[in-house]
Amino acid sequence: MKLSNYFLPTLKETPADAEMESHKLMLKAGLIRKVTAGVYDYLPLGFKVLKKIEEVVREEMNNAGAQEIKLPIIQPAKLWKESGRWDDFGPEMFKLADRKEREFALGPTHEEIITDLVRNELNSYKDLPLVLFQINDKYRDEIRPRHGVMRSREFLMKDAYSFHSTQESLDKTYERMYDAYARVFDRLGLDWVAVEAPTGLMGGSYSQEFMALADEGGEEIVVCDDCDYSSNIEIARYEVSSEYSENSPAELKEVETPGMETVEEVANHLGIPSQKVVKTFIYRTDDGLVAALVGGDDDIEEMKLINHLGTKKAEMVSSQADIKAITGANFGSIGPIGLKDDIPVYADLDLKSLTNFTVGANKNGFHLTNVNWDRDIEDVKFINLRKVREGDRCPECGSELDFHKCIEVGQIFQLGTKYSDSLDGEYQDRDGNLNPYIMGCYGIGISRLIPAVIQQKYDSKGINWTGAVSPFSAALIVLGSEGEESFRLGEALYKELKELDYEVLVDDREVSPGFKFNDADLIGAPIKIIIGPRGLESGVLEVESRSGDKEELNLENKDVKQIAEKLGERISALG
RNA sequence: CGGGGAGUGGCGCAGCCUGGUAGCGCACCUGCUUUGGGAGCAGGGGGCCGCUGGUUCAAAUCCAGUCUCCCCGACCA
């Protein structure tokens with residue numbers, strides 16, 4: 001491609017509304033432009049990268065035995081109402097109506113549509129298993145789009161769905177998909193890990209996320225040093241502690257804690273470790289109120305509460321008036337003992353071994369101390385409830401857990417029969433009985449992979465493409481002016497390299513040399529081949545890698561074809 | 001939805017407090033010179049100062065409302 005007529009509007013100044021480095025670079029390097037919040041134009045360079053990633057994903061999906069299809073973006077509300085997700089997705093879905101006021105959604109994902117397709121066509125166990133995939137735009141009315149295409153409202157995703165008659169068959173496909181994902185992310189040159197993940201709105205029994213490590217990423221994971229345990233922090237398990245257990249229960253006492261609202265104040269007042277002041281939170285769920293208890297130094301991980309309850313929502317009761325009405329006290333003094341209305345009590349696993357601890361008395365200005373399970377509080381369910389924190393140990397092997405920030409680039413799910421049940425997706429087995437398909441689904445955020453890749457490898461000069469992502473294998477920087485020997489050679493080499501299947505960008509613009517060098521670095525060209533009058537005088541071309549390694553290529557006694565071949569070798573070696 | 005910030009040529013910003021003919025840098029156009037890490041000189045084009053209303057002789061500037069965008073949080077395959 002010749003830069004003189006390539007639409008590549010690079011920016012010298014950083015756009016004011018970008019925060020994350022990958023977002024700034026995508027704007028500066030002319031990959032994308034914003035249309036409105038969460039909606040972007042892909043310019044030629046950005047679109048080229050997108051297609052590169054798409055192609056890697058497509059190849060690996062095909063290799064894994066998945067068949068490509070294309071499903072509609074406009075989807076009838078009927079199917080979403082059948083599955084129950086018309087309401088579950090709620091305001092996250094872009095909804096629209098046709099002229100007859102029939103309701104539709106712009107697909108945020110495609111489980112409903114594909115289950116509908118398959119239920120009409122696959123009736124026998126002989127047709128299973130089947131794996132279908134598509135690469136298509138998805139629409140979600142994100143509550144807050146951010147960081148460019150990292151979290152946008154229109155985005156490109158590869159989604160695959162598998163249908164099975166047995167769990168073993170699902171396990172096998174799930175594993176094959178895992179392997180395919182591993183190859184995709186390796187080929188893209190990502191530094192990634194797979195972790196146990198919450199299933200969220202997709203539902204299902206087991207799920208893993210593929211995370212690209214990045215300090216500015218919005219997700220957090222824990223990874224064990226020694227064994228292969230790793231998890232999204234929202235569902236992470238931990239080795240349960242018994243640090244604060246004592247043998248003999250002491251006498252339950254009500255103590256005055258006037259005006260004290262924080263754990264710290266109460267702990268100091270009573271002269272006890274803050275972890276022994278147990279915090280109580282009241283949550284409003286689909287099935288009514290629950291109390292949730294964690295140690296004084298801990299925080300609740302709401303995702304864990306939601307998972308354990310099997311509820312769709314759990315909202316902390318956060319208004320003083322409501323909490324007073326429920327417990328009879330203000331926030332600083334609420335506790336699990338003597339709650340009205342048979343509010344079920346869930347406590348974090350770490351608390352189980354706790355003895356002689358302190359809780360709010362549900363009476364302003366008072367706490368109960370020397371509280372013990374069973375004797376003072378009955379029917380408590382102990383669950384993994386608290387946030388994992390620095391210093392926590394692996395639930396599998398006891399080694400220390402590492403914490404990492406990262407970007408979610410893919411997720412795979414064992415869905416089970418959630419959608420086949422609600423949408424009546426059934427096949428007939430060998431005995432003639434009808435059974436729901438056992439399903440899996442597998443997503444890769446294609447558009448999000450662009451910032452993910454950039455985020456891992458950029459430097460002060462710009463983007464630094466890795467692996468199979470680079471839109472061009474080299475920048476051919478032609479110095480001097482039109483009509484000179486350097487331009488003639490540049491043109492000829494460009495043609496030869498194209499013959500040899502190298503995608504080269506020729507900078508034949510009428511701008512100063514510095515401009516060309518900086519743009520080549522900004523857009524992340526893996527190597528620069530510099531053809532200038534100065535080099536030609538001494539019979540050489542300069543070849544410089546993105547990292548700054550330079551070498552010279554002697555032109556003596558070589559024709560254009562031979563030079564191009566030599567350059568090709570350098571491109572293959574350095575790129 | 002809660003908290004914070006911002007809307008002034010394509011981009012980055014100043015001007016607003018203290019009302020009086022809209023400015024700077026980059027980019028763009030023309031010409032000449034220049035050509036190895038974002039060139040120089042000269043000339044030029046482009047803005048309903050987000051929108052609506054109000055105050056005033058006069059509003060980018062003051063007041064009210066509204067819309068949009070960004071950041072933090074809630075939320076999120």
Side-chain angles (χ1 to χ4, degrees), chain A residues 9-20 23-24 27-28 30 33-39 85 88-93 107-111 138-148 150-153 155 157-161 197-204 207-210 218-219 232 234 302-303 306 312-316 318-319 408-413 415 440-446 448 461-462 477-482 484 486-487 507 509-522 528 530-538 540-542 544 548 550:
Chain A
T10 55
L11 303 172
K12 207 185 294 189
E13 282 171 297
T14 305
D17 61 1
E19 192 73 12
M20 200 176 199
H23 184 199
K24 291 180 191 168
L27 291 163
K28 285 182 77 171
R33 287 291 182 264
K34 187 173 77 174
V35 176
T36 184
V39 181
R85 291 207 298 180
D88 289 356
F89 251 99
E92 290 276 302
M93 271 203 287
T109 173
H110 285 73
E111 282 77 15
K138 298 280 186 288
Y139 295 82
R140 292 189 193 175
D141 192 359
E142 289 290 342
I143 198 162
R144 181 148 88 90
R146 64 185 100 178
H147 304 316
M150 182 67 82
R151 167 165 245 93
S152 52
R153 298 197 290 175
F155 57 101
M157 177 172 166
K158 185 284 301 178
D159 46 325
Y161 306 87
T199 52
L201 267 177
M202 304 297 294
S207 175
Q208 284 168 292
E209 284 168 324
F210 291 80
E219 308 276 338
N232 186 305
E234 291 182 321
E302 291 181 8
M303 179 66 78
I306 289 170
K312 277 165 193 154
K313 272 210 168 79
E315 216 169 273
M316 196 195 293
S318 57
S319 96
E408 182 197 339
V409 289
Q411 186 164 14
I412 56 181
F413 296 81
L415 290 176
C441 88
Y442 319 88
I444 291 181
I446 306 266
R448 176 180 286 181
K461 292 190 279 188
I477 295 181
V478 181
L479 303 177
S481 32
E482 187 120 33
E484 289 184 22
S486 55
F487 266 66
D507 197 343
R509 295 175 298 177
E510 297 263 347
V511 296
S512 68
F515 215 101
K516 298 183 180 187
F517 292 130
N518 284 320
D519 266 357
D521 289 338
L522 176 62
K528 297 187 286 289
I530 299 149
I531 308 173
R534 205 166 80 184
L536 292 183
E537 245 172 64
S538 42
V540 296
L541 296 185
E542 222 170 287
E544 185 181 334
K550 289 183 199 177

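Just so we're on the same page: letters track the sequence lines, and every chain starts at 1.
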Roughly how many Å apart are [M] and [N], using the [atom1] atom of each and rounding to a whole number?
N     : M     : atom1 : result
B/C49 : B/C28 : P     : 26 Å
B/A74 : B/G4  : C1'   : 15 Å
B/G7  : B/G53 : P     : 22 Å
B/G23 : B/G45 : P     : 13 Å
B/C71 : B/A59 : C1'   : 31 Å
B/C16 : B/C62 : P     : 9 Å
B/A60 : B/A22 : C1'   : 8 Å
B/C13 : B/A6  : C1'   : 12 Å

Could you tell me which nucleotide pairs with [N] by Watson-Crick or G-U wobble geometry, both distances under 3.5 Å, or answer none if nothing does?
N     : result
B/G43 : B/C29
B/C75 : none
B/A64 : B/U52
B/U34 : none
B/C16 : none

**Message:** Please check: side-chain N/O of A/S486 versus main-chain N/O of A/L479, any donor-acceptor pairing under 3.5 Å?
**Reply:**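 Indeed, once roles are kept as given, a pair shorter than 3.5 Å links the two residues.
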
With the side chain counted from C-beta on, respond yes when [X] and [Y] share a heavy-atom pair under 4.5 Å apart, and no when they do not.
X      : Y      : answer
A/D141 : A/R153 : yes
A/K550 : A/E542 : yes
A/R85  : A/M93  : no
A/D159 : A/I444 : no
A/E544 : A/F517 : no

Nearest-Å distance, [atom1] ([X]) to [atom2] ([N])?
X      : N     : atom1 : atom2 : value
A/D141 : B/C75 : CG    : P     : 17 Å
A/R33  : B/C69 : CZ    : C1'   : 17 Å
A/I143 : B/C75 : CD1   : C1'   : 4 Å
A/E13  : B/G10 : CD    : C1'   : 12 Å
A/E219 : B/C75 : CD    : C1'   : 12 Å
A/K24  : B/C70 : NZ    : C1'   : 13 Å
A/D17  : B/C72 : CG    : P     : 13 Å
A/E19  : B/G73 : CD    : P     : 11 Å

**Item:** Partner set under ring pair (Phe, Tyr, Trp, His ring centres under 6.0 Å) for A/F210, not counting sequence neighbours
**Value:**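 With neighbours one apart ignored, the set is A/Y178, A/Y181, A/F185, A/W192.
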
**Item:** Residues which pass ring pair (Phe, Tyr, Trp, His ring centres under 6.0 Å) with A/Y139, listed by chain and number, not counting sequence neighbours
**Value:** none

**Asked** Does OP1 or OP2 of B/C71 have a side-chain N or O of A/R144 closer than 4.0 Å?
**Response**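 Yes.
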
**Request:** Verify the contact: side-chain N or O of A/T36 to OP1 or OP2 of B/U68, cut-off strictly under 4.0 Å; return yes or no.
**Result:** no

**Asked** Want to settle it: does A/P108 or A/A37 sit nearer the 5' end of RNA chain B, counting the closest nucleotide to each?
**Response**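 Final value for this comparison: A/A37.
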
**Item:** Under 4.0 Å protein heavy-atom contact, by nucleotide of nucleotides 32-38 of chain B - B base, S sugar-phosphate only
**Value:** ----BBB

**Request:** With rounding to the nearest 0.5 Å, note down the distance linking NZ in A/K28 to NZ in A/K12.
**Result:**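 Those atoms lie 10.5 Å apart.
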
